[in-house]
Amino acid sequence: MSARPPRTDFGTDDPAKLTALIGSAVACLLIGLFLTGGGARLLAAVPLVAFAVLSTAAYSRARASSLTKRRLWDALLDDLALTGTETALDVGCGRGLVLAGLAQRLPHGRAIGVDRWRTREQSGNHPAATEATMRLLGVDGRTEVRTGDARTLPLEDASVDVATAGLILDHLDGADRRLAVDELLRVLRPGGRLVAVDHRRLDDVLDQLRVAGCAPVRAWRQRGGPPYPAFHVIVATTPPVTTGQAH
Ligand SMILES: C[S@@+](CC[C@H](N)C(=O)[O-])C[C@H]1O[C@@H](n2cnc3c(N)ncnc32)[C@H](O)[C@@H]1O
């Protein structure tokens with residue numbers, strides 16, 4: 001009998017939005033049932049249709065927070081064809097979905113997760129929760145979970161081979177996003193790889209990477225499973241001498 005994979009909980013993105021969707025769906029259902037009970041069957045169709053739409057949206061959002069996102073990152077990390085000895089950084093690691101994916105591909109390397117642990121952006125966001133997940137997956141020996149800010153990363157210059165940023169850059173405003181990208185370029189080694197996934201197309205990030213000499217810089221849009229917003233992916237290779245080192 002094959003062993004079941006451990007049950008991991010990577011949290012829910014933007015939990016307030018999911019709660020609002022579920023609350024609105026339940027309210028529509030109750031109104032629909034109330035109107036049906038009162039004999040106003042035709043009128044009841046309106047809240048009942050709204051219930052169907054809202055509950056589909058809630059399901060799709062919850063699914064994208066876990067399954068859809070996990071599949072996307074699995075494909076992106078596989079594409080990196082890591083040798084298994086690299087040092088990787090996952091900035092804004094949250095509950096550790098991407099961090100775990102990196103650590104699983106680095107049996108002789110290291111994966112460092114850095115976060116400010118904002119529970120508004122991911123449910124149950126706490127370093128202890130992420131560390132517990134890494135233990136559950138058996139990758140705690142090669143992961144490090146640190147508290148820090150993407151704008152001032154607690155890492156040395158040119159100290160990582162790969163950096164990932166999942167759904168964090170589009171949470172930062174223009175100036176902060178610029179600082180965060182500068183920091184990623186500073187900590188990446190020459191020829192290092194950066195993978196960023198967001199729900200918005202971030203042209204400013206693409207421009208910044210190209211001006212810094214990254215090549216190639218690839219960007220594409222990936223469906224998130226409607227009505228969940230699509231994912232926008234950026235994959236870039238840092239230049240032989242990074243801007244951070246040139247300073
Ligand atoms: C939507 S969650 C995504 C978490 C994880 N990357 C994933 O894809 O599942 C965004 C994460 O970015 C973190 N974050 C936001 N601003 C940050 C900053 N300035 N520095 C470090 N982490 C930050 C939040 O605490 C949160 O954990």
Side-chain angles (χ1 to χ4, degrees), residues 8-21 60-77 80 88-105 111-134 136-137 139 143-155 160 162-187 194-200 202 204-205 208 222 224-225 228-235:
T8 45
D9 178 1
F10 291 115
T12 302
D13 298 335
D14 207 344
K17 234 175 226 170
L18 183 63
T19 307
L21 274 174
S60 172
R61 175 165 280 277
R63 186 180 152 91
S65 266
S66 54
L67 196 64
T68 315
K69 198 169 69 172
R70 191 180 316 195
R71 282 190 185 145
L72 171 66
W73 274 105
D74 273 342
L76 292 172
L77 297 181
L80 291 175
L89 160 71
D90 181 31
V91 67
C93 63
R95 299 287 300 272
L97 182 140
V98 185
L99 184 66
L102 285 166
Q104 284 165 332
R105 288 165 178 80
I112 304 162
V114 173
D115 206 294
R116 280 174 71 191
W117 315 111
R118 294 161 79 103
T119 46
R120 219 178 33 192
E121 293 177 23
Q122 196 160 65
S123 63
N125 211 358
H126 194 280
T130 306
E131 283 165 349
T133 300
M134 298 305 128
L136 191 67
L137 292 171
V139 295
T143 47
E144 248 181 80
V145 175
R146 297 188 192 172
T147 296
D149 195 309
R151 297 164 299 179
T152 49
L153 285 172
L155 280 105
V160 304
V162 174
T164 50
L167 306 184
I168 168 171
L169 294 178
D170 65 0
H171 281 288
L172 303 174
D173 71 22
D176 285 345
R177 187 153 64 233
R178 196 172 174 79
L179 285 176
V181 174
D182 272 343
E183 279 293 86
L184 287 166
L185 291 170
R186 177 182 69 76
V187 301
L194 169 67
V195 185
V197 171
D198 286 288
H199 284 311
R200 275 190 295 146
L202 298 177
D204 55 333
V205 173
Q208 194 177 345
Q222 191 115 358
Y228 197 73
F231 296 103
H232 289 265
V233 182
I234 296 176
V235 180

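Both counts, for ligands and for their atoms, begin at 1 and track the order of listing. Only this structure's heavy atoms are used, side chains among them; waters, hydrogens and symmetry mates stay out. Sequence positions, counted from 1, serve as the residue numbers for this chain.
With L169, I168, V98 as candidates, the residue nearest to atom 14 (N) of ligand 1 on a non-hydrogen basis is I168. Among A150, G166, S123, A100, the residue whose heavy atom lies nearest to atom 20 (N) of ligand 1 is A150.
Not one N or O on the side chain of T164 forms a donor-acceptor pair closer than 3.5 Å with the backbone of L194. Looking only at distances, no side-chain donor or acceptor of R116 sits under 3.5 Å from a matching main-chain atom of D149. Side chain of Q208 to backbone of V181: no donor-acceptor contact under 3.5 angstrom is found. Of the possible donor and acceptor atoms, none in the side chain of R95 sits under 3.5 Å from a partner among the backbone N and O of Q122.
Of all non-hydrogen atoms in D115 and C93, the two that sit nearest each other are OD2-N, 3.1 Å.
Considering both main-chain and side-chain atoms, R118 comes within under 3.5 Å of ligand 1 through a nitrogen or oxygen pair. The shortest N or O to N or O distance between L97 and ligand 1 is not below 3.5 Å. Any N or O atom pair closer than 3.5 Å counts here, and N125 shares at least one such pair with ligand 1. The shortest N/O to N/O separation between D90 and ligand 1 does not fall below 3.5 Å. For a threshold of 3.5 Å applied to N or O pairs, the pair formed by R151 and ligand 1 contains no separation below that value. Backbone and side-chain nitrogen or oxygen atoms of K69 are examined, and one is located within less than 3.5 angstrom of a nitrogen or oxygen of ligand 1.
Summary of contacts: the protein heavy atom closest to atom 22 (N) of ligand 1 is R116 N, 3.3 Å. Protein heavy atom in closest approach to atom 2 (S) of ligand 1: E121 O, 3.8 Å. For atom 6 (N) of ligand 1, the closest heavy atom belonging to the protein is G92 O, 2.7 Å. Of all protein heavy atoms, the one lying nearest to atom 19 (N) of ligand 1 is D149 OD1, 3.1 Å. Nearest to atom 25 (O) of ligand 1 among the protein's heavy atoms is D115 OD1, 2.5 Å.
The side-chain contact (heavy atoms from CB on, under 4.5 Å) test with V160 is passed by exactly one of D90, V91, L155, L153: L155.
To the nearest 0.5 Å, atoms OG1 (T130) and CZ (R146) are separated by 14.5 Å. Rounded to the nearest 0.5 angstrom, Q222 CD and L76 CG are separated by 7.0 Å. The distance from atom CG of L72 to atom CG of L97, rounded to the nearest 0.5 Å, is 9.5 Å.
Contact annotation: A165 has no heavy atom less than 4.0 Å from any atom of ligand 1. Using a 4.0 Å heavy-atom cutoff, W117 is listed among the residues neighbouring ligand 1.
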